[in-house]
Amino acid sequence: MFTRISDLDRLFGSMNLLQKRLDNLYGDYEKSSGYRWGFEQTAPRTNLYENGDNFEIRAEVTGLKKDDLNVKIQGNYLEISGQRKSDAPENYKIHRTERGIGSFSRSFTLPADVDSTKVEATLKDGVLYLILPKHEAAKPKKISIS
């Protein structure tokens, strides 16, 4: 077992070195086949906030149109999915693709149920903004003591 932090640093350093050597070795294979050794981020990065009676989600969906996105909510389960298409012009040869393409899906279990009839979704500057009002049963209520 590891006894020092330096042992972990050395392990991760070795893993990074192996990753670089594989990238160098299979660099041409990656270009011709489209296969990538590294982690390709296609699902949008998201932030979840809570503001009193609402949850707010902000998801990075750069380059996508609202027709490319699907948002589903049921109770406290939220799913954001979509299709990211290649933006390469026709008859162009692709030498490198770092922006992910293909379908993606992100799902979340929210801390409380959401009133799906009052959800607001807007897309602005490559960010999807969702305002998710809490269901009445999930909102805290003050009980007066008699």
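With hydrophobic clusters built from ILVMFWY side chains whose heavy atoms lie under 4.5 angstrom apart, Ile131 does not share a cluster with Leu48. Put simply, Leu110 and Leu130 are part of the same group of oily side chains (I, L, V, M, F, W, Y) that touch within less than 4.5 Å, one to the next.
Contact annotation: the side chain of Leu78 never approaches that of Val114 to less than 4.5 Å [non-hydrogen atoms, C-beta and beyond]. For the pair Thr46 and Phe108, the minimum side-chain heavy-atom distance is below 4.5 Å. Counting only heavy atoms from C-beta outward, the side chains of Phe104 and Leu64 approach each other to under 4.5 Å.
Nearest heavy atom pair, residue Arg106 against residue Arg45, reads NH1-CA, 4.1 Å. In terms of heavy-atom proximity, Val61 sits nearest to Leu128 at CG2-N, 3.9 Å. Taking every heavy atom of both residues into account, Asn76 and Ala112 meet most closely at CB-O, 3.2 Å.
Going from atom NZ of Lys118 over to atom NZ of Lys134 covers 14.0 Å, rounded to the nearest 0.5 Å. The structure places CG of Leu69 at 8.5 Å from CZ of Arg84, a figure rounded to the nearest 0.5 Å. The line from CG of Asn54 to CG of Leu132 is 8.0 Å long, rounded to the nearest 0.5 Å. We find the NZ-CZ distance between Lys124 and Arg58 to be 11.0 Å, quoted to the nearest 0.5 Å. Atom CD of Glu136 is separated from atom CG of Asp53 by 7.5 Å, given to the nearest 0.5 angstrom.
Under the side-chain hydrogen bond (donor to acceptor under 3.5 Å, both in side chains) criterion, Gln83 pairs with no residue at all, not counting sequence neighbours. Applying the side-chain hydrogen bond (donor to acceptor under 3.5 Å, both in side chains) rule to Asn51 yields no partners; only residues at least two apart in sequence or on another chain are considered. For Thr117, the side-chain hydrogen bond (donor to acceptor under 3.5 Å, both in side chains) partners are Asp115, not counting sequence neighbours. For Tyr92, there are no side-chain hydrogen bond (donor to acceptor under 3.5 Å, both in side chains) partners two or more places apart in sequence or in a different chain.
In the hydrophobic clustering, where aliphatic and aromatic side chains (Ile, Leu, Val, Met, Phe, Trp, Tyr) are joined below 4.5 Å either directly or transitively, Tyr129 groups with Val127.
Identified under the salt bridge (Lys or Arg N to Asp or Glu O under 4.0 Å) test for residues 64-83, with sequence neighbours left out: Asp68-Lys85.
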